[in-house]
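Since the model is a prediction, treat every value here as computed from it, not as a measurement. Scope of the values below: all heavy atoms of this structure, side chains included, with no hydrogens, waters or symmetry mates.
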Amino acid sequence: MTSLAEQLKRLALPQNDPSLLDRSEVASLLFNCKEAATIDRDTFFAIGCTGLEELMGIDPSFEEFQSSLFSSTSKGLERSVQTKAVNQQLNKNISLFLIHLSPYFMLKPAQKCLEWLIHRFHIHLYNQDSLIGCVLPYHETNLFVRVIQLLDIKSPTHKWHWMDPIRKPGVPLARGTVITHCYKDLDFMDFICRLVAKSVKVFSECPSNSAQLRVLLVFYASTIVSALGAAEKITDTMVSLLLPYIQKGLKSSVQDYRAATYMIICQMTVKVTVETSLVHSLMVQISKTLFKVPSLIRDGLACLNLLLQTQKGDKLGKKPFNYLCKTPELVTLLQGLSAGYDVSPLLRYLLPHLVHTIVKSDTESGETENDIYIKHLQVILESIPLEKDLDCLLFPWFSLHFSCKYTFFYKPLQKILMVLSFGRYPKALDSVLEKHLEDCTDEADQNLFHQFISLSLSCGKYEFLEDSDTSLLLSLNHPQPAVRVLALQHLKDVIETSKEGFDQAFIEEAIFGRLKDDNRDVVMSALSSLESFRKQVNPEVIVSSLLNIFQKADLSKDGKWYKVLEQAVKILVKEEILKEKKELLDEAVMQLLPFMIITNANSKSSDWKMAVCLSESDLCSLHPLLKGWPEALEEAVKSTKSAELVGVANEKMILLLSGNLTSGDPSLLLQMVDDLILVAETESDSVRQKVTTHIIGSVLVQCCCNTQMKENYFPVAIRVFRFLDKKIKNLRTCESAEETPLNWSVETVEETLVPKDLLSAYIEKLNSDETAQAEESAMVLFLLKDFINGLKPPLSFSKEESWWNPESLNQDSQDYLHLLLGLFDLLVSGASEGSNALQYRALMNLLFKVHLKDSEVLFKFLSILWTYGYNLSNHLNYEVSAMLQTQALYIGYALLESQTNQKKKQLLSPSSPVMVSLLINLGSPVSEVRRAALNCLHSLRGIKESLFHPVLQHLEQKTEEIISDPTYVAQIMETLFEELETQPKQKSQKKKLLEALENILDCVQNPVFPSYIARNLMKILHEIHGEMVLSHLLPALDRLLEKVFNKPEAMLKDEVILLHLILGKFNEYSATLLCKNQQSLDLFIKSLHAAKKIYEEIPPFQITALGQITKPFFAAVSDGMVQQKLLNVLFDLLLDCKNPLCAQTISSVFKGVSVCAEQIVRELELPEKTKSLATVQQTRRQKMQQQRKPQDAELAPETSHFSWQRVMLILELLQHKKKLRRPQALVPALFNLLSRCLEPMASEEENMEYTKQLILSCLLNICQKLSSDGSKVPADILDKEKFNVELIVQCIRISKMPQTHHHALLLLGAVAGMFPVSNTWNLCFGSSLWFPNIGHLWLAVERSRNGSSFLTPALPHPPTALMLVTALMPCFFFLLLFYIKRESTWPGSTCILTRFYLVQH
């Protein structure tokens, strides 16, 4: 195009646009251009008015446009013939309307309004800028592209030509493109800024509409900020362009507009350095208007901080400072900013002005007007850290004013200077004072300087002491103990005289700090000061500090600490809080208890004095554990020789403490036992702590031997045993080769307590720094012996039960078994090795003698040890390792070998757990366990009378295989019990085998046996199937299912797995039991409904039960009624299930089993329809009754229990069903369903069209199964009378769904081949039929064998001439159509002929 042509095009008016003259295509937002050309103006006007009304409901401000742009007069307005003034007003209205419309552009009503403006006022030609401004914030949407496609911007010189590339592909305008164009074309940047400023002005008139600016302002901020960031260089032109809009933004009260302006200022100042005058101007405007929007004050301060950080901050004047100081909560906001950002640039500007303002103010007004400045400065210095040498710069500002002669200078700055001096910035203060001292020559300045220095001495802790020639603070921390003592004495005088100038926190810190001193004289002085200051300190802190002194002092090394500890005790018992707070008293007693134990009989020793001191203190009367100890100690001293005093005194303490424990408050017993154990387990090399450990151990064991203790007996016993177990194992790790002396053997000494001589010998060796390993081990073994003797079984524990079932025992019985297992484990490991093996064996014999005396009881306990490792629930809270299990099996083997035949016969009886427990171990994953179990079984093989004798014989023959393979025992059991059916055996032998199997199965179903036993037995019997097996397991199945439905939360993991294993016994070998035993069928169906998943890693029982319904299983169910029942349950489950896995499993099950069509028919049977009413009155009466009682089931067209959803699910399953016997039996039922689908009332059901399609598809599948090649079907297989072609045609007539037509016509095509005479009349001439999609008809015709056979009508025989002609004319017409479609290459030929025929008819 030439330049002249371009100029002429620019001069052309919009009304001369060629598109306005072409009525074949019209610009439109909602319609395509050709469709819009067919719509009249009234329709467009109605669309626009509808949109406006909807917008008015959202925003009432649109009402003003109802009388202008959307008035009835606007319909006839043609702007091309209007005057300039009218068009200017019109443009103004349109621009204002588009600004109001922009926030709602993505809503349909807004698009309707735009449609009217485009059609009537041609805004895409006359108001392009306003239109683009309206939609520009939505440039990343497809709707924006639709608007741009309306514009003619093809010319390269057009203002918006840069958007032209998106018009043809119809892709949204990328954000990067907008940003790039923004910084390259400053006119576009100016357009965005003007658009925002104008929109803000419009919406600011109504403050409630400010939220509508959010989309535009987000676009504004993101675009301008990103453009500034992307530009390589920000030019002066760009800055000058943005400045007017920045000023408008700072003056605006619209929150988002101001926030966007802050962001633009920050981005601009980061990229470019501007003149100081501009920085000053921006600072003034920001600080002046800061409080206009309170929610953005923090952001404004952050903007100022960044401005000062990036620009030169010199000579900015005081004006911004004055405005900032008037801002409320300035310092609080600065403090918040300083937590995450560096605010030193802003402080570098503020602080000099603050100091100058405070110091230079005159005497008359300074103190009142400058309070706010002083407060700001003080809080800043106290709460905001001065970084980047700001502290070093601040003090010179102060030093400039040291020569000030005003008397008021000292007072307002006194507190501030104290903060600076001795709080946060001592180094900076030192440097500035040093420099000032060098420059200070005037006497008056020197006096002022000394006044300032004296501030540092105004606090008492800096007061100089005469005796030490240093301050109190330094004296308290002096390296010489004597100086520290003097300081504490001075501090005591200060406390007693209440001298001023001393901070309570300082006194408290000084006293408690010296209580931690290593020098006893210093600690003694600190205690003396504490006694004077005690009432002013938190008593809990006092108690804690005093107890820490006891932990530090070691009387055995320095006996002089006794006086210190004595003084600490005196102060401690004076504390009233010990009487009020039990926890604190407990802590004190537990920490002081080791000091009360007698470790030395010398009455002059510090240990003895300390023990006596504590016994005579009020501590014993305060705590119930120490009740009576002063009297007991006094009696021991009076009645015992000095040589025996240690043993006797400690024995009395053991008896006293244990008696107090058991007779005290039962609710406090467990906590006290825990506290004692904590003290006993404290690691220390001191004699006192080691003796304390054994004394406390003896106390705890004596508690367990006390028969009077009823409550919490077993929780205490378990705690005591764990303490002993830990102690013994620790001793074994450092056990020496030295054996315990014979005179301290647990077998020879009959005392119930640790022998006094042994304890005395142990303490004597410790005091002599000799090793006492043998004595210590002996004492612990004595404690273990006493524990075994003293442990009593609970009254509820019955040793006569055939099985000790951990799952059914109460808590006390479980705890008792836990202790027996722990004792056995501890003693077995000790008896196998070590210098004390004989002692442990003696204790093992004692354990058997006291708790497991009878051989039957012993083998019940061993059975627990043999099998408890397989337990998944751990009711006993004990882990039986494979090592312990193996050791128990070998001990059991040794015991079995020593039993008489009579006793072995008892152990092999069905009531004994021995045989079952040993059988389970043959499946253990550990080969050594299997070997040990086989040894035990071999020791029982000689009892031929036992019903397990054949089993034992068979197992003996396969010893090596069982040891090698943990799964082999299941194969052995399968082989053994299969011989019941296959091998000819003696009757007695068969009977024994059968009884043995029944006995094992009874163990599974008997609730007396633990579930983990039953679970492992089921694994051994995994390969054994049959009716007998399943019938024996039914009671267990019933019990477990009852628990699943009633108490699922109580189901154990072993029980869950057991139930899965039992369900696995429903297979083709046992399926016949379902026909004979109603209980088995009911339980199987019940399991199918068990959908709840109890453990996350284990599938629901429902899935396992469904998986058992395999093709062989279903075929083995000989009774058709049982099969029918199972199918009924499957379909009901599918209807109700919400678990996709369940639905998928049911589908797989149904697909796999072989089903007879008659069974499906019974599931598809519909209830009978209600009788039709003969008269109009009856019909009306029925309608009125239905309106009154719509819930009445008698008047409903179908009974309430019928579900179309169920029918639909069955039909879906039939789509993929291949193994279906006699499928033709389904045809009448399917046509019956189809008939009901076509009833008027059925149309109200959801998915009825889909149901029709499923029925038609099933019928088609049946046709294809009966006649795979499309040939005629004999009448004995499927009678043509059962095939209701009229219903198929009616489907086509009634339905509006092409898919339904498609299925129906495909079915007609198949029927045409099977029944060639019966189809065509109904298709073509049964009624006036209009095919919405004639293509489906052609498909049906082509699917038939040939067109003529499909279209041969079933004429009456013999037909009349008129009937023949009338019938055959349409037939010939359809044949003509068929062949034209087949031969013609012109696609429109068929359509023209069809239309011609339909018009004629």
Side-chain angles (χ1 to χ4, degrees), residues 7-31 33-53 55-56 61-102 104-105 109-136 146-155 157-160 191 194-195 198-199 202:
Q7 294 175 38
L8 290 173
K9 187 169 184 179
R10 283 199 297 270
L11 292 172
L13 297 174
Q15 55 263 32
N16 297 328
D17 193 281
S19 64
L20 298 178
L21 306 175
D22 184 11
R23 295 306 301 168
S24 63
E25 293 186 359
V26 174
S28 173
L29 179 65
L30 299 179
F31 309 100
C33 53
K34 292 184 178 179
E35 185 181 359
T38 63
I39 303 174
D40 59 6
R41 183 173 298 173
D42 290 333
T43 305
F44 279 115
F45 180 68
I47 291 171
C49 290
T50 304
L52 184 68
E53 288 176 2
L55 286 176
M56 285 163 55
S61 65
F62 283 99
E63 290 179 4
E64 64 176 292
F65 304 103
Q66 195 172 16
S67 59
S68 56
L69 298 177
F70 293 86
S71 65
S72 57
T73 57
S74 67
K75 291 200 310 184
L77 179 69
E78 187 57 56
R79 64 189 300 178
S80 60
V81 297
Q82 300 297 324
T83 64
K84 185 177 181 180
V86 172
N87 274 314
Q88 284 179 347
Q89 183 61 39
L90 183 61
N91 287 336
K92 185 178 179 182
N93 289 340
I94 290 172
S95 177
L96 185 61
F97 177 77
L98 291 175
I99 288 173
H100 279 277
L101 188 74
S102 181
Y104 309 102
F105 172 64
Q111 296 159 27
K112 291 179 181 178
C113 292
L114 280 177
E115 183 69 19
W116 167 245
L117 297 182
I118 292 167
H119 178 79
R120 176 69 290 203
F121 301 110
H122 311 300
I123 61 172
H124 61 294
L125 300 175
Y126 289 89
N127 307 92
Q128 288 185 348
D129 286 0
S130 298
L131 180 59
I132 289 178
C134 174
V135 302
L136 189 58
R146 185 78 183 94
V147 172
I148 298 302
Q149 288 172 338
L150 300 175
L151 308 179
D152 183 11
I153 53 177
K154 296 178 182 177
S155 174
T157 58
H158 196 282
K159 177 181 179 179
W160 302 106
F191 172 80
R194 279 189 289 107
L195 172 67
K198 190 174 181 181
S199 299
V202 170

Do you know which two heavy atoms are closest between E35 and I39, and how far apart they sit?
O-CG1, 3.5 Å

Heavy-atom distance under 4.5 Å between the side chains of L30 and L114, does that happen here?
no

Which is it for H100 and E64 under the side-chain contact (heavy atoms from CB on, under 4.5 Å) test, yes or no, and what are the steps along the way?
CA-CA 11 Å; H100 279 277; E64 64 176 292; 4.2 Å; yes

Less than 4.0 angstrom from a charged side-chain N to a carboxylate O is my criterion; do E78 and R120 meet it?
yes

Specify the closest pair of heavy atoms between H124 and A27, including all atoms of both residues, with the distance to one decimal.
NE2-CB, 3.5 Å

Do L131 and L150 come within less than 4.5 Å of each other through their side chains, counting heavy atoms only?
no

How about F70 and F62: do any of their side-chain heavy atoms sit closer than 4.5 Å?
no

At what distance, to the nearest 0.5 angstrom, does CD of Q89 lie from CD1 of I94?
10.5 Å

So which heavy atom on S68 is nearest to which on S71, and how close?
O-OG, 3.2 Å

Is it the case that the side chain of S199 and the backbone of I99 share a donor-acceptor pair, with hydrogens and angles ignored and the cut-off at 3.5 Å?
no

Starting at CG of L117, measure out to CG of N127 and round the result to the nearest 0.5 Å.
8.5 Å

Answer whether the closest heavy-atom distance between the side chains of I47 and F31 falls below 4.5 Å.
yes

Provide the closest heavy-atom pair for L52 versus C113 in the form atom of the first, atom of the second, distance.
N-SG, 3.3 Å

Intermediate values then yes/no, side-chain contact (heavy atoms from CB on, under 4.5 Å), R146 and Q111
CA-CA 11 Å; R146 185 78 183 94; Q111 296 159 27; over 6 Å; no

With a 4.5 Å heavy-atom cut-off, do N87 and Y126 have their side chains touching?
no

For L98, is there any backbone N or O sitting under 3.5 Å from a side-chain donor or acceptor partner on S102?
no

Are V26 and T38 close enough that some pair of their side-chain heavy atoms sits under 4.5 Å apart?
no

Heavy-atom pair with the smallest gap, counting every atom of L55 and Y104:
CD2-CB, 4.0 Å

Are the side chains of R41 and W116 in touch, meaning some heavy atoms are under 4.5 Å apart?
yes

Compare all side-chain heavy atoms of R79 with those of N91 and state whether any distance is below 4.5 angstrom.
yes

Please give me the minimum heavy-atom distance between F97 and L69, naming the atom from each residue.
CB-CD1, 3.7 Å

